[in-house]
Amino acid sequence: MKIGIVCYPTYGGSGVVATELGMALAREGHKVHFITYSEPVRLDSFHENVFYHEVSALDYPLFQYQPYESALASKIVDVVKFEKLDILHVHYAIPHASSALMAKSILREEGVTIPFVTTLHGTDITLVGRDPSYRPVVEYSLNHSDGITSVSQSLKDETLANFKLRKDIEVIPNFIDFARFKKTNKEHFKKAIAPGGEKIIMHVSNFRKVKRVEDVVMMFDKVVKQIPCKLLLVGDGPERANCERLCRELGNCDEVRFLGKQDAIEDLLAIADLFVLPSEQESFGLAALEAMACEVPVISSNAGGIPEINIHGETGFLSPVGDVADMARNAIYILSDEGRLQQFKKNAYSQARRFDIEQILPVYEGYYKQVLEAVAPVRM
Ligand code: GMT
């Protein structure tokens, strides 16, 4: 198949999922065309079946906001026509679904049929998509998508509860590429971070408010008073300065390292004993699944789709959002007994195996075929 993938290229779950999916489809022999405004961060190696088309929007003094949505639609029209794409897969509804719909309408007038699948990732529904400034457009473009998938059952339920949809939503969970995410030996790095053999607690995110990174710092502060440990905070974003301030106030700066944005997350996860994800909202929690694939148990909130991957009392623990004391108790419970910690690590890994890309990829391929078959009569 010739597949067009539209996504955000930056650090962030939806872009990562889109890129990994595209690379995996390319390895299977499909021709994959990424259409976005800069090269996706994980598109870091050459593959003969992968193509990248950059969207550039002409700037003009009249524009207070550059109309990216129109520029994207125009680029889609161009790529579909020139590369003769079979199907488009857009990740994150805003504005990708409406751009795809506009491109589809333009192409229809030229006798070209291009079905598109929209994958819902989370905040495109739970936070941004529900806002009146976007809602009617999101609802309309979902109802005119040829297929809709969601990364968790929880997100599907939330979408159906909040939007008037005439279409079914297929749940296709996010996945792990075990060729990349696996536990490796990074003893030298571990010694540098925790020279006294301290346990290592880790959090990875884009440091947005919704991630509640301050909860990680407050939880850690309780744990470090009972168990020698270090906290690694990976990523960057608007909440980082607040977290740094909080560490100073709590007086635990010597035990906390801010590592900023990192590409090789798997090398960092290799030395972690516990992963923390206290998010207010999280449709899936890919960061937690990546940790589990590297044998790291998870202390998390019970928000959104997290309970679909982190199994309470088995792969880690779930707590109500904001219940820092409960999270700290659970962390201490796991870390205070080496045998227990090893068991949780094993369980985390076996659970992550259920999300192996080798199993999820055929589901996407099957879904594309289903969508293509449904539009086939129109194409003839
Ligand atoms: O809003 C974000 O945190 C980023 C967002 C994205 O689309 O880049 O992440 C969402 O999609 C990820 C991949 O499907 C999920 O793992 C995250 O749970 C989800 N984030 C939220 O729902 C907050």
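Counting starts at 1 for both ligands and their atoms, following the listed order. Note that these values count all heavy atoms, side chains included, but never hydrogens, waters or copies made by symmetry.
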- Task: Take the angle between the ring planes of Tyr364 and Tyr368 and call it parallel below 30°, perpendicular above 60°, tilted in between.
- Result: tilted
- For the pair His53 and His33, name the ring-plane relationship: parallel under 30°, tilted 30 to 60°, perpendicular over 60°. parallel
Pick, from [options], the option with the minimum heavy-atom distance to [atom].
| atom | options | result |
| --- | --- | --- |
| atom 7 (O) of ligand 1 | Ala93, Ser14, Gly237, Cys7 | Ser14 |
| atom 4 (C) of ligand 1 | His121, Arg208, His91, Glu158 | Arg208 |
| atom 15 (C) of ligand 1 | Ser283, Gly122, Gly305 | Ser283 |

Give the contacting part of [X] toward ligand 1: side chain, backbone, both or neither, where contact means a heavy-atom distance below 4.0 Å.
| X | result |
| --- | --- |
| Asn174 | side chain |
| Asn206 | side chain |
| Glu282 | both |
| Val151 | side chain |
| Tyr92 | side chain |

Heteroatom distance test ([X], ligand 1): nitrogen or oxygen, under 3.5 angstrom:
| X | result |
| --- | --- |
| Gly13 | yes |
| Thr126 | no |
| Gly15 | no |

- Message: For Lys84, I'd like to know if atom NZ has over 12 heavy atoms of other residues, nucleotides or ligands within 6.0 Å.
- Response: no
- Item | Heavy atoms from other residues, nucleotides or ligands near CZ of Phe178 exceed 12 (cutoff 6.0 Å) | yes
Atoms in ligand 1 with a heavy atom of [X] nearer than 4.0 Å:
| X | value |
| --- | --- |
| Gln281 | 23 (C) |
| Lys211 | 3 (O) |
| Leu286 | 16 (O) |

- Task: Determine, using heavy atoms of Gly304 and all atoms of ligand 1, whether some pair is separated by less than 4.0 Å.
- Result: no
- Task: Find out if a path of hydrophobic residues (ILVMFWY) with successive side-chain heavy-atom gaps under 4.5 Å connects Val204 to Val216.
- Result: no
- Message: Starting from Phe284, can I reach Ile306 by hopping between I/L/V/M/F/W/Y residues whose side chains sit under 4.5 Å apart?
- Response: yes
- Task: Answer yes or no: is there a donor N or O on one side and an acceptor on the other, between the side chain of Asn143 and the main chain of Lys164, under 3.5 Å?
- Result: yes
- Spell out, as yes or no, whether a donor-acceptor pair under 3.5 Å connects the side chain of His312 to the backbone of Leu318. yes
- Give the minimum heavy-atom separation between Val371 and Gly147, together with the two atoms involved. CG2-CA, 4.2 Å
- Close side-chain approach of Ile148 and Leu165, heavy atoms under 4.5 Å: yes
